Amino acid sequence: MSVYAVIDFETTGLSPEYGARPTEIAVVLIDGDRILDRYQSLMNPGVPIPYDIQTLTGITNAMVRSAPKVETVMAEASDFVGDHPMLAHNAAFDRKFWDTELQRIKRWQQKEFACSLLLARRLFPQALNHKLATLVRTLHLPATGRYHRALADAEATAYLLQRIKQEIQHRFGLSAVSHELLIAIQSTNRNKLEACVERHLNTGK
DNA sequence: TGCCAGGCCCTCTTTAGGGCCTT
């Protein structure tokens, strides 16, 4: 069994270093093509949500006022993820918030995130762009709900991961795709994709 | 209802600049 924890944050801004904090998180556990479980919660960020972000996500200050504290939700989310490998769409963004908030509650552990944005750029260069919504349409993935809500985006990303794995298996004749292979592919230039996969299969690197 | 990022990729590049993507 190779279970992935696919996560998505909604936040008050783009950078925790400038005071942005999460307003919602969702985690989807997916094994192959089967969603095993879901975790989702709003949280009270303790700082105002800018108007344009309220418009983008639909998450208002009123909605998070009575939500649990960030610390409480992040502890639950961390327990839910456990030791599973993690993936997000544009993982550099979600990883910043994941690391920052878990460091606050002294629950941080070293985790290597796979990134469906980088992988999609390698594997589907013909796509109009590599926004999550565009990839869902282009690849005919299941509709999951309103974009820019954590659970809908995490589920869409989980289906994208499934499609990415299918593409790798089909293109390279593999029966399974490991976390290490995903990391290797996302870390290489798309023009060197075949060489990267061949090297990984031969050496594991 | 402000402002604030940063890693990756491409190219008119590499002594750089700008677009993409996340909220």
Side-chain angles (χ1 to χ4, degrees), chain A residues 5-28 40-65 67 70 73-74 77 86-104 110-139 141 144-161 163-164 182-196:
Chain A
V6 178
I7 73 162
D8 187 77
F9 277 108
E10 305 306 320
T11 71
T12 65
L14 292 174
S15 176
E17 292 179 357
Y18 284 80
R21 299 204 71 195
T23 57
E24 187 178 46
I25 187 172
V27 184
V28 172
Q40 179 273 332
S41 182
L42 287 169
M43 48 189 135
N44 187 336
V47 296
I49 307 171
Y51 178 76
D52 56 344
I53 295 180
Q54 292 186 57
T55 304
L56 177 75
T57 65
I59 298 171
T60 64
N61 287 305
M63 289 167 66
V64 297
R65 193 166 297 130
V70 172
V73 173
M74 289 302 300
M86 299 179 74
L87 176 138
H89 196 67
N90 196 10
F93 174 83
D94 293 276
R95 191 182 56 226
K96 278 190 303 186
F97 285 92
W98 180 261
D99 288 347
T100 299
E101 296 299 342
L102 290 187
Q103 283 166 357
R104 283 179 190 269
Q110 179 70 40
K111 281 265 193 180
E112 191 166 32
F113 280 60
C115 176
S116 56
L117 169 64
L118 294 178
L119 289 162
R121 281 177 174 161
R122 308 285 186 274
L123 294 163
F124 309 115
Q126 74 280 7
L128 183 64
N129 59 55
H130 297 87
K131 294 177 183 177
L132 182 59
T134 304
L135 290 167
V136 167
R137 281 196 306 273
T138 302
L139 301 173
L141 303 178
T144 56
R146 186 195 198 281
Y147 289 112
H148 296 297
R149 286 301 299 265
L151 185 56
D153 283 1
E155 284 193 15
T157 304
Y159 290 126
L160 176 57
L161 169 62
R163 181 69 181 78
I164 284 169
L182 289 183
I183 296 295
I185 289 175
Q186 77 180 29
S187 303
T188 197
N189 185 297
R190 73 169 169 239
N191 295 325
K192 299 176 181 173
L193 191 55
E194 279 70 19
C196 164

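The structure presented is a predicted model; accordingly, all values stated were derived computationally and were not measured. In what follows, every chain begins at residue 1, and chains take the letters A, B, ... in the order their sequences are listed.
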* **Whole-angstrom distance between dG7(B) and dG2(B), as gauged at atom C1'** => 26 Å

* Does Y51(A) stack onto the base of dT1(B), taking stacking as ring centres under 5.5 Å apart and planes under 30° apart? -> yes

Rounded distance in Å - [atom1] ([X]) to [atom2] ([N]):
{"X": "K131(A)", "N": "dT22(B)", "atom1": "NZ", "atom2": "C1'", "result": "11 Å"}
{"X": "K96(A)", "N": "dG7(B)", "atom1": "NZ", "atom2": "P", "result": "8 Å"}
{"X": "L56(A)", "N": "dT1(B)", "atom1": "CG", "atom2": "C1'", "result": "15 Å"}

* Asked: Does atom NZ of K96(A) have more than 12 heavy-atom neighbours, drawn from other residues, nucleotides or ligands, at distances under 6.0 Å?
  ->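 Counting other residues, nucleotides and ligands, NZ of K96(A) exceeds 12 neighbours.
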
Among [options], the one nearest [X] by side-chain distance:
{"X": "Y18(A)", "options": "dA5(B), dT22(B), dC21(B)", "result": "dA5(B)"}
{"X": "I53(A)", "options": "dC20(B), dT23(B), dT22(B)", "result": "dT23(B)"}
{"X": "N129(A)", "options": "dG2(B), dC21(B), dT23(B)", "result": "dC21(B)"}
{"X": "P50(A)", "options": "dT22(B), dG2(B), dT23(B)", "result": "dG2(B)"}
{"X": "E17(A)", "options": "dC21(B), dT23(B), dA5(B)", "result": "dA5(B)"}
{"X": "R121(A)", "options": "dT23(B), dC8(B), dA5(B)", "result": "dC8(B)"}

* Asked: Rounded to the nearest 0.5 Å, how far does OG1 of T11(A) lie from CZ of F93(A)?
  -> 3.5 Å

* Hey, what do you get for CE (M86(A)) to CD1 (I7(A)), rounding to the nearest 0.5 Å? ->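 So the gap between those two atoms works out to 4.0 Å.
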
* To do: Using a heavy-atom cut-off of under 4.0 Å over every strand shown, decide if D94(A) touches base, sugar-phosphate, or nothing.
  =>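 No contact.
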
* To do: Under 4.0 Å between any heavy atoms, over every strand shown, what does T23(A) touch: base, sugar-phosphate, or nothing? Just pick one.
  =>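 No contact at all - T23(A) keeps every heavy atom at 4.0 Å or more from the nucleic acid.
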
* Please work out which of the three classes, parallel, tilted or perpendicular, describes the rings of F113(A) and W98(A), given edges at 30° and 60°. => perpendicular

